[in-house]
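Have a look at the structure below before the remarks.
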Amino acid sequence: MGFSDMKKRSGDVSALSDKMEKMNDKKSYKDDRYWRPELDKSSNGYAVIRFLPAPGDEELPFARLYTHGFQGKGGWFIENCPTTIGGKCPLCEVNNDLWNSGLESDKDIARQRKRRLSYISNILVVSDPSNPQNEGKVFLYKYGKKIFDKIQESMKPEFADETPVDPFDFWKGANFKLKIRQVEGYRNYDKSEFDSASPLLEDDSELEAVWKKEHSLAEIIDPNNFKSYAELKAKLARVLGEGAEPHATPQPVASAPVSPAAVSAESLPWNDTPQQVAEATPMASASSYQQSNDDEDDESLA
């Protein structure tokens with residue numbers, strides 16, 4: 001801008017004011033790809049969703065993700081856990097040492113810092129009374145083990161008079177009635193259930209259009225979304241406020257994605273006690289983690 005132009009704009013505060021407002025706006029870490037059920041004033045929630053098939057040429061209709069999230073002396077440690085893709089995690093190693101120390105206080109610390117499990121699928125929102133504008137749209141939905149167990153139970157029913165249903169199937173799947181209650185400070189999904197099997201839509205061309213709107217699940221567990229062992233080790237030391245970094249020998253993260261079904265579901269003792277965890281998307285900020293830290297538990301995350 002030249003001097004004459006500056007003189008012409010003399011006294012016009014709107015342009016500068018707009019720029020200052022934009023600078024003061026808080027950055028939003030919300031990922032609009034994800035659908036999030038809302039609770040009413042009674043802390044109850046209800047919606048009907050349909051789990052969708054695997055997108056594109058991907059094999060699985062869900063991604064399985066382990067994360068860590070806790071606050072230490074040096075700030076927040078919110079990271080994807082490399083064990084998701086078969087890598088080594090310095091925090092899991094520290095937790096193992098704490099658990100094996102024999103001290104109950106160390107076990108409590110390990111539980112607070114534990115690895116937490118969630119599943120992510122594509123869904124079509126059939127009914128969302130709290131946000132009807134979401135109905136008919138495709139989203140990613142992050143859920144926990146309780147809902148995942150209900151999915152598995154629908155595919156392998158316990159009783160002989162029950163027909164197996166693939167809830168991810170367009171034609172022979174079933175809508176899922178999500179019923180949320182607040183029980184002892186935690187979201188409870190026990191009353192959620194699958195409806196009778198039915199086609200999602202009658203027109204195959206409409207089903208194909210829905211399928212093409214799905215989001216990649218493989219991208220969620222792409223190695224690029226996981227920091228290296230050395231990076232996590234350095235960050236962990238900073239968060240813990242330690243001068244020396246634990247476990248000095250670096251171990252690389254797996255260089256290629258590993259199918260979630262192939263990852264060992266090892267039972268780590270410090271992961272067994274239910275603990276609330278954010279429904280924040282991968283690589284979420286500390287602020288968003290704090291704001292949503294009342295959603296679901298860890299390996300029994302919902």
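Minimum heavy-atom separation, Leu117 to Arg64: CD1-CG, 3.1 Å. Between Val94 and Leu236, the shortest heavy-atom contact is CG2-CD2, 4.0 Å. Annotation for Phe226 and Cys81: closest pair CE2-O, 3.3 Å, computed over non-hydrogen atoms. Nearest heavy atoms, His68 versus Arg113: ND1-O, 3.0 Å. The two residues Pro167 and Met155 make their nearest non-hydrogen contact at CD-CG, 3.6 Å. Summarising the geometry of Leu124 relative to Val210, their closest heavy-atom pair is CD1-CG1, 4.5 Å, with the distance given to 0.1 Å.
Residues Tyr66 and Pro82 form no side-chain contact, since every pair of their non-hydrogen atoms from C-beta on lies 4.5 Å or further apart. You'll find the side chain of Pro37 reaches within 4.5 Å of the side chain of Leu178, heavy atoms only. Side-chain contact between Glu79 and Lys227 is present, with at least one heavy-atom pair separated by less than 4.5 Å. Side-chain contact between Val239 and Phe70 is present, with at least one heavy-atom pair separated by less than 4.5 Å. When side chains are defined from C-beta on, Lys142 counts as touching Ser118, because their heavy atoms get closer than 4.5 Å. Between Cys92 and Arg115, some side-chain heavy-atom pair lies under the 4.5 Å cut-off. Counting only heavy atoms from C-beta outward, the side chains of Ser192 and Lys177 never approach each other to under 4.5 Å. Put simply, the side chain of Pro61 does not reach to within 4.5 Å of the side chain of Leu52, judged on heavy atoms.
Applying the side-chain hydrogen bond (donor to acceptor under 3.5 Å, both in side chains) test to every pair with at least one member in residues 196-206, sequence neighbours left out, gives these pairs: Trp171-Asp204, Asp203-Ser205. The side-chain hydrogen bond (donor to acceptor under 3.5 Å, both in side chains) analysis of residues 152-170, with sequence neighbours excluded, yields no pairs.
Not counting sequence neighbours, the partners of Ser216 by the side-chain hydrogen bond (donor to acceptor under 3.5 Å, both in side chains) test are Glu58.
For the pair Thr84 (side chain) and Leu65 (backbone), a donor-acceptor distance under 3.5 Å is absent. In this structure a side-chain-to-backbone donor-acceptor pair under 3.5 Å is present from Arg116 to Gly69. Side chain of Thr67 to backbone of Asn80: no donor-acceptor contact under 3.5 angstrom is found. Of the possible donor and acceptor atoms, one in the side chain of Asn100 sits under 3.5 Å from a partner among the backbone N and O of Asn96. Side chain of Ser101 to main chain of Leu103: a donor-acceptor pair is present (N/O by atom type, distance under 3.5 Å, no hydrogens or angles).
A salt bridge is absent between Glu231 and Lys235; no separation between the charged side-chain nitrogens and carboxylate oxygens falls under 4.0 Å. Taking a cutoff of 4.0 Å between a charged side-chain nitrogen and a carboxylate oxygen, Glu193 and Lys150 do not qualify as a salt bridge. For the pair Lys88 and Glu93, the salt-bridge criterion is not met [side-chain N within less than 4.0 Å of a carboxylate O].
Under the 3.5 Å distance criterion, with hydrogens and angles disregarded, no donor-acceptor pair is assigned to the side chains of Ser43 and Arg181. Looking at Asp195 and Asn175, their side chains never bring a donor and an acceptor atom within 3.5 Å of each other. With no hydrogens or angles considered, a side-chain donor-acceptor pair links Glu38 and Asn131 at under 3.5 Å. Counting only N and O atoms by type, the side chains of Asp128 and Trp35 include a donor and acceptor under 3.5 Å apart.
For Tyr141 and Tyr34, the ring centers sit 6.0 Å or farther from each other. Here Tyr143 and Phe51 bring their ring centres to under 6.0 angstrom of each other.
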Side chain to side chain contact (heavy atoms under 4.5 Å, CB included) assessment of Ile180 paired with Tyr46:
CA-CA 6 Å; Ile180 308 171; Tyr46 177 79; over 6 Å; no
Residue pair Val138, Asn122: steps toward the side chain to side chain contact (heavy atoms under 4.5 Å, CB included) verdict:
CA-CA 7 Å; Val138 174; Asn122 282 284; 4.1 Å; yes
Run the salt bridge (charged side-chain N to carboxylate O under 4.0 Å, His left out) test on Arg111 and Glu104 for me, step by step, so that the C-alpha distance in whole Å, both residues' side-chain angles and the decisive distance to 0.1 Å come before the verdict.
CA-CA 11 Å; Arg111 292 188 184 102; Glu104 196 61 36; 3.6 Å; yes
Show your working on side chain to side chain contact (heavy atoms under 4.5 Å, CB included) between Phe139 and Ile49 and close with a plain yes or no.
CA-CA 10 Å; Phe139 293 92; Ile49 61 176; over 6 Å; no
Start with the C-alpha gap between Lys73 and Leu240, add the side-chain angles, then the distance that decides, and say whether side chain to side chain contact (heavy atoms under 4.5 Å, CB included) holds.
CA-CA 6 Å; Lys73 296 178 181 178; Leu240 296 179; over 6 Å; no
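The aromatic rings of Phe176 and Phe194 lie tilted to each other, with the angle between the two planes from 30° to 60°.
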